[in-house]
Each structure stands twice: as C-alpha cells, then as structure tokens.
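What follows is a single structure, written as structure tokens, with notes after it.
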Amino acid sequence: MKLTEDDSYRTSTQYKHWSFTPAQLASQRRKTNARASARVRANVARQRAERAQLPDNANANASASETDRTGSGVDTGANTPVSADHEVDCLTQDEEMRLVDTFCERALELGKFCKFPTEVTATGIQFLRRFYLFNSPMTYEGQNISRTAMFIANKTEGNHTSVETYAARFPKVTAEQVLAPEYLLVQALRFNFEIRHPFRGLKGGHMELLEMARGHFAPLPADERTSAGVQREMQHLPLKPGGPPTQLAVPALEKRVADAYAFASNVLKTAALLTDAYFLYTPPQIWLSAHLLADEPLTLFYLSAKLPPTHPAHAKTVTTLAACAALLAAHRSFTSDTTSADAKAARNKADAALIKKLRSCRDPDKLDLVKLNQAQKRDAVEGSGALEGGKAKRRKIQREAYEKEADEFWGPELAKNGGRPV
Amino acid sequence: MALPTRRASGAPTKRLAEDGGASPLSRNLHNLSLQPSNATARPPPQTDTSSDICPVCKSSRYLNPNMKFLVNPECYHKMCESCVDRIFSHGPAPCPIAGCKRTLRKARFRKQTFEDLKVEREVDIRKRVAKAMNKCESDFETLKDYNDYLETVESLTWNLILKVDVDDTERRLRLWEDAQKAELHPNATIRRNLDPDPSLPSDTAHVVLKKGATQRKLPINTTTSNNGPNPPAADDKAPDAGFSFAGLKKRIAPEPEKPFDPYGGWSFDPQFYVLQEDYNTPWLAPYKDNPDYLAGGYDITDFYDRALGDAFSGFGVFIEEEVKARKGSAKAKKGTAKAVKAAASNGAVKDVDMDDVF
Ligand SMILES: [Zn+2]
Ligand SMILES: [Zn+2]
C-alpha cells in the first residue's frame with residue numbers, strides 16, 4: 001500500500017475542514033454577517049428596552065459601568081450605541097472582510113514587533129482568518145482575538161512562552177485578558193491546530209532548483225533527461241516569459257534561483273497570509289504561485305520537470321497556479337510599491353472610518369470577554385454584574401441548586417476558618 | 001504425626017525457659033532440659049528425634065533453632081543445610097546416607113514442601129510428566145483420543161511413582177520430550193546434531209542424531225540418502241517418539257513472525273521528487289556538520305525529505321474540484337454535535353456558529 005504526497009495532504013484537517021471553493025467562502029461569510037447583524041440588532045434592542053425600564057439614576061450607573069467594561073476589555077473603546085434611537089447600522093459583508101484583513105495586517109506587525117518566528121505569526125494569522133470565517137468582528141473584537149490567536153499560535157508552533165511573559169509585551173494587558181477568549185477561539189477553530197504552511201515547501205523547491213542549476217539534479221524516473229541536460233536547458237531559459245533565450249553561467253543561474261527564492265519567500269510571508277490563499281489552494285500551489293510571481297520561466301521549467309507538459313494534469317496545474325498567483329498579486333502588500341501616497345492615505349482613512357463604524361455596531365453582549373469567561377467558570381466574581389440580570393440570576397440559582405445537591409450527598413464544604421466548627 | 005510431637009516437646013521447653021529463674025525447682029528442671037546427655041531429660045519417641053536431628057551430622061534443631069532441612073529430589077534423603085554446604089559445595093558428591101550412593105548436586109537441594117516425602121516425590125513426578133506430556137484437548141481429533149492420551153499419561157505417571165518399569169518409562173518419556181523439542185525447534189536439533197553432547201545418555205543421543213539426519217535429508221531425499229553414516233533402514237522408519245497417540249493432530253508450525261512494521265503495510269512513495277543524498281544549499285551548510293546538532297542525533301536528510309514532502313503534499317490536489325465533489329457527501333457531524341450541545345449548555349447565546357459547519 002503506497003501513499004503519495006497528495007494522500008498525505010488529504011489527511012490534514014486543513015484539507016478536510018478548512019478548504020473551500022470561492023463560492024463556499026462567500027456564502028459562509030454572508031451567513032456569518034447576516035447572523036451577527038441580526039444578533040447585534042436584537043441585543044441592542046433588548047438593552048434599550050431594559051434601559052427604558054430603569055429609573056434615571058440606575059440608568060446613569062449602568063452606563064458608567066458600561067464604560068468601565070469597555071475600557072478594560074477593548075482598547076478601541078467600543079461604545080455601545082445606547083443613546084442612539086435609530087436602527088443599528090451594521091457592517092456589510094465587504095466591510096467585515098476589510099476589517100478582518102486589517103486585523104490580519106496588524107497581527108503581522110505584532111508578530112514582527114514581538115520577533116516571533118515566521119511560522120508563529122503565519123499560524124496566528126490563519127487562526128484569525130479561520131475564526132472570522134464563522135464569527136463576525138461585530139461580535140468579537142479583533143484586537144483581543146488576534147492577541148489570543150497569536151498566543152495559541154506560539155503554543156502550537158512550539159515557541160512556548162508563559163502567558164504572563166506574553167501579556168507583559170502589551171501595555172495594559174493582563175494574562176486574564178489573553179486567556180479569556182482562548183477557549184472560544186479554540187472551539188471556533190474546531191480544535192484543528194495544524195496549519196500547513198508553504199514555507200518549508202519553498203525551501204525544498206529551492207534546494208532542488210539549486211541542484212538543477214549545478215547539474216546534480218536527480219530527475220524523476222519518468223523523466224529521460226540527464227542532470228547535465230536539465231542544467232543546459234535551465235541555462236537557456238529566458239528571463240521574461242516569451243523573451244529571448246539566454247546563456248547564463250552557473251553562478252549567475254544560482255543567483256537567479258536565490259533571487260527568486262527571496263522574492264517568493266517574501267510573498268509567502270505577506271500576501272499569502274493576508275489573502276484567502278490558504279482556504280482556496282494547497283501549500284505547494286501557494287509556494288509555486290509565489291515562485292511564479294518571482295520568476296515565471298524558471299517556475300514553469302521546474303514544473304515541467306515534475307509534471308511533463310504532456311501530462312493531463314499539467315494544464316490544470318498551470319491554470320490553478322496562475323489563479324493563485326493572481327490572488328496573491330492582487331493583494332495590496334504586493335502592489336504597495338506602485339500605489340501612490342494619496343491612495344495609501346485614502347485607504348488608511350477608510351480603515352479608520354471602518355473601525356469607527358465598528359464601534360457603533362458592536363454586540364453589547366460580547367463586549368467584555370474577561371467577565372464572560374469568568375461567568376462561565378465557578379470562580380466567577382459573584383454579583384459582578386457581568387451578565388444581564390436575568391441570565392446571572394438564572395445561573396446563580398442553578399449553581400446554588402447544584403451546590404445544595406452536592407452538599408446533601410458529600411456533606412458541606414469544610415470550614416475555611418482554620419477548621420473550627422461553625 | 002511429627003507435628004504434634006514437636007509441639008509437645010517445644011511447648012514445655014519454652015515455658016521452662018521463661019520461668020527458668022522463678023523457683024529453685026523450675027531452675028533445676030530448666031537445667032536438666034539443657035542437658036541432652038541426661039537420659040531422663042531426653043524425649044524417648046523415635047519420631048521426635050528423626051524430624052529434629054540431622055541424620056548426617058546428628059546436630060539437633062533443639063540446639064540450633066535456625067537449622068533448616070533440605071531434600072534432593074534425586075533420593076529424597078533429608079539433611080541439614082550446613083551438611084549440604086559442607087558436602088556438596090565442591091561439586092556433585094554421593095549421598096552421605098548409608099546405602100544410597102546417588103550422586104547429588106547442591107543446586108537441586110530445596111526445602112521440602114510436604115511433610116510426607118512420598119507426597120513430595122509424587123508431586124515432583126507429576127510436575128515433570130506434565131511438563132513433557134502437555135497436550136490439551138484441542139490437540140486431538142476426538143474427545144476419546146484425548147481421554148486415551150490422559151489414560152496413558154496417568155499410567156506412566158503411576159509407573160514412575162510406583163517404580164514399575166522405571167527405565168523403560170523414563171526412556172520413552174525422554175524420547176517423547178526430544179521429539180516434542182525437535183518439532184518445536186527444528187533448527188536447534190540440527191545444531192545439537194552437529195555438536196553432540198557427550199554427557200547425554202547414549203540412547204537419547206542416538207535418537208537425536210537420527211532425527212537430525214532425517215530432517216536434514218527431508219528436502220532432498222534421494223541425493224543424500226546414500227552418503228549418510230547412518231544405515232538407511234533406520235532413516236526409513238519414522239523416528240521413535242516414545243509414544244504414539246491416536247488422533248493427535250500434527251502440529252502446524254506458526255508462520256514466522258514478520259519484522260514489525262510501524263506503518264502497518266503503508267509506505268510513503270513520493271511521486272514528485274527523488275530524494276538525493278545531499279543538497280548543496282548555502283543556508284543549510286551551517287547545520288550539516290555542526291556537532292551541536294549532530295550530537296543530538298539530528299540528521300539533515302530528514303530535513304530534505306520533509307522539505308520536499310512539504311513541497312509537494314497537495315501538489316495534485318485541486319481544492320475547487322475536490323471540495324465540490326465531497327460537498328454532496330455527508331459531512332462529519334460527530335464532533336460538532338457535541339460542541340453545539342456544549343455551547344448551548346453554557347447558557348450563553350451561541351458563541352460560535354456550530355450549526356452548519358462541516
Ligand atoms: Zn547435618
Ligand atoms: Zn540419598
């Protein structure tokens with residue numbers, strides 16, 4: 001029984017659960033957006049109704065505590081639209097996507113700032129993208145989630161830091177804040193922690209290309225060329241697609257390969273992470289596309305050594321690579337050199353406006369993840385008022401019932417005051 | 001029978017020792033009891049002394065409470081531990097009991113388990129026979145065959161116990177043992193044949209030789225039958241196994257165990273690359289010969305294999321096609337169903353969309 005590389009990829013959760021067609025992605029995002037919007041509207045309406053019932057005095061208190069909460073949990077200072085009477089203006093699907101992209105870019109910067117290894121940052125960003133495929137930024141705020149996503153990525157990639165050390169990197173962030181959305185996030189990831197990245201694959205391809213350039217390449221059994229023949233063909237490759245054939249010496253060829261690697265590696269570390277490439281394509285396709293953007297003739301030549309042009313899958317592979325390359329090239333990190341300063345400024349302004357809009361349509365139930373997290377645990381600070389009155393009461397009654405039941409069976413808890421009988 | 005008398009003699013002794021200084025009379029009695037030469041103090045019955053006095057050195061357990069008696073299953077003559085040490089430490093020696101003269105080895109001396117040495121001996125014999133005659137019901141065609149076999153075993157056991165036809169029974173038993181051994185380890189017999197053990201009894205050695213020769217001869221019967229030193233007539237007969245049982249199934253040798261395969265028959269067979277011995281890549285150079293990595297068992301070829309495996313795992317997977325193809329099929333819901341329940345029982349509004357995932 002033989003397994004091929006593709007079989008091994010098909011066993012991954014990335015293939016099984018996190019690969020989508022573009023249509024599926026769009027429809028999922030639409031669904032997420034619709035559900036989140038409906039929930040925000042309902043919750044805001046309910047909150048307004050509750051406010052209306054309260055006397056003025058209590059209302060003032062409530063809004064004061066509201067500000068406290070947002071202050072502690074959310075740095076963007078999301079303010080619930082309590083006073084506004086008009087219908088909440090929710091984010092559209094496109095706006096959500098742009099927001100998620102912004103979060104991802106910030107996460108990339110965060111990774112750079114914290115000097116995390118590439119894989120950690122890349123994994124963290126993919127966690128973030130996976131999370132926001134099924135959750136809306138209106139429900140869960142990006143900054144908290146990306147901090148936690150990065151923390152989980154550190155753990156999954158084997159770059160262990162204690163949560164205290166990690167939290168200390170950020171101003172005014174406690175370990176508790178990092179941990180609060182952890183379970184939520186991990187659950188949303190369906191406990192699929194493995195992200196298959198194209199980085200090592202690119203290195204493998206680079207190794208082979210270098211061997212080709214030096215004339216030591218071992219061709220596939222079906223390939224009849226000798227390693228010297230491969231080298232000769234490679235030396236004559238045109239620099240640009242459709243360009244005149246060249247005659248490169250081996251050192252120049254090596255440099256060409258190295259340059260392509262450096263370029264592709266950079267694309268993988270930015271554009272590939274910030275687009276939907278991981279959802280739509282497999283890691284080999286991603287790294288080959290990045291390489292295609294770097295040096296098209298070289299990549300196509302390499303491809304033909306793996307899949308002869310006569311092979312039925314060759315055309316399909318080239319189409320797929322081209323589509324993936326187009327996706328990567330369309331990302332703004334790729335085109336950033338050519339965009340004008342005005343365009344950049346305009347984009348930043350749009351981003352800022354978007355974040356402002358987000359503040360006006362946050363889900364009021366999910367503002368303070370720390371307290372939500374506490375409320376679900378036994379060590380909840382009692383009567384902290386994190387939850388809505390009715391819910392807190394119901395939970396308290398439930399808990400008391402459980403405790404009573406347990407006490408009847410096991411006997412009451414031991415006295416804490418030094419064991420003296422009460 | 002020995003036990004009650006021992007207790008009878010031991011109990012007063014102990015009591016005497018306890019109140020040895022209590023009264024002049026008891027002190028007197030106590031002194032008397034310490035004098036074995038004194039005829040009045042000696043317990044008269046013969047059985048009492050036989051269980052407490054070593055027949056070899058005549059020292060008594062009375063004087064040496066730590067004394068232990070040992071027996072050798074060769075002749076079941078009892079003697080004390082220090083005698084065994086003294087007589088047999090320098091190798092096998094004849095039994096010191098008058099009229100016995102069997103050669104005993106120190107290693108085989110042991111404590112007796114049963115007070116009655118006859119029982120001890122019978123248990124030993126049964127153990128030995130059971131070791132050789134170890135067939136079970138499933139080895140026979142019918143229950144009757146198995147019962148016949150048990151009958152044979154029992155009668156030969158009684159032969160040994162009652163010392164009837166001991167030599168013949170022993171010989172047949174040994175032949176049977178050898179035949180069983182040969183069946184279990186055919187290679188071991190050949191080895192023994194090449195290097196015969198001179199200490200073995202002659203008849204056994206002969207049979208083993210014969211058996212080994214037969215086995216060597218089996219695959220190429222015609223070519224080697226003439227040049228063997230054994231008479232061909234002996235080879236033609238089936239080797240004497242000591243016993244023959246009707247309906248005994250032929251033992252089928254189990255398949256030789258295959259080497260352990262951690263992947264259960266699966267192997268990784270890369271389609272898109274041929275792994276080379278070495279890749280000359282500048283950024284790998286520092287790791288190749290660095291003892292910091294090598295000392296820990298790091299092998300750079302593992303990296304090559306992994307990098308190339310990563311480079312192509314999923315190369316031929318076209319997600320758009322495959323995902324569409326699998327969309328129709330039922331999607332796994334086991335894991336998520338639980339998660340939905342968990343989320344619902346948390347009491348919170350459904351935090352994560354768990355309805356239609358996967
Ligand atoms: Zn003795
Ligand atoms: Zn003896």
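Here is how names work: the chains are called A, B, and so on, in the same order as the sequence lines, proteins then strands, and each is numbered from 1. As the structure is a computational prediction, the values presented were derived from the model and not from experiment.
Contact annotation for F279(A): only backbone heavy atoms (N, CA, C, O) come within less than 4.5 Å of a heavy atom of chain B. Contact of Y304(B) with chain A is made through backbone and side chain together, with heavy-atom distances under 4.5 Å. Heavy-atom distances place no part of D305(B) under 4.5 Å from chain A, backbone and side chain included. With a threshold of 4.5 angstrom between heavy atoms, L209(A) does not approach chain B through any atom at all. Contacts between T317(A) and chain B at a heavy-atom distance below 4.5 Å involve backbone atoms as well as side-chain atoms. Interface residue P219(A): only backbone heavy atoms are found under 4.5 Å from chain B. Heavy atoms of L284(B) lying under 4.5 Å from chain A belong exclusively to its side chain. Contacts between Q271(B) and chain A at a heavy-atom distance below 4.5 Å involve backbone atoms as well as side-chain atoms.
Checked for salt-bridge contact, D259(A) and K255(A) meet the test: a charged N lies under 4.0 Å from a carboxylate O. The pair K144(B)-D148(B) counts as a salt bridge, with a side-chain nitrogen and a carboxylate oxygen less than 4.0 angstrom apart. Salt-bridge check for K316(A) with E320(B): failed, with every basic side-chain N at 4.0 Å or more from each acidic carboxylate O.
Ranked by non-hydrogen atom pairs under 4.5 Å with chain A, the options S313(B), A307(B), P270(B) are led by S313(B). Each of K306(A), M207(A), K203(A) has some count of heavy-atom pairs under 4.5 Å with chain B, and the biggest count is that of M207(A). Most heavy-atom pairs under 4.5 Å with chain A: of the set Y273(B), Y263(B), W283(B), F303(B), this distinction falls to W283(B). Chain B forms the most heavy-atom pairs under 4.5 Å with one residue out of R200(A), R214(A), Q14(A), R10(A), and that residue is R200(A). Among P284(A), G201(A), G204(A), the residue making the largest number of heavy-atom pairs under 4.5 Å with chain B is P284(A). By number of non-hydrogen pairs under 4.5 angstrom with chain A, the leading residue of D278(B), L275(B), N280(B) is N280(B). When each of L280(A), D7(A), L202(A), L288(A) is checked for heavy-atom pairs under 4.5 Å with chain B, L280(A) comes out on top.
Ring-plane geometry between F243(B) and F245(B) is classed as parallel, the angle between the planes falling under 30 degrees on a 0 to 90 degree scale with a further cut at 60. Between Y261(A) and H206(A), the angle of the ring planes stays under 30°, which puts this pair in the parallel group of the 30/60° scheme. Classification of the F140(B)-Y146(B) ring pair by plane angle, with boundaries at 30° and 60°, yields tilted. The aromatic rings of Y278(A) and H197(A) stand perpendicular to each other, their planes meeting at an angle above 60°, with 30° marking the opposite boundary.
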(request) Take L268(A) and T118(A), measure what side-chain contact (heavy atoms from CB on, under 4.5 Å) needs, and give me the verdict at the end. (result) CA-CA 10 Å; L268(A) 291 185; T118(A) 321; over 6 Å; no
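Ring centroid separation for the pair F131(A) and Y140(A) comes in under the 6.0 Å cut-off.
Residues S12(A) and R196(A) approach most closely at CB-NE, 3.5 Å, considering heavy atoms.
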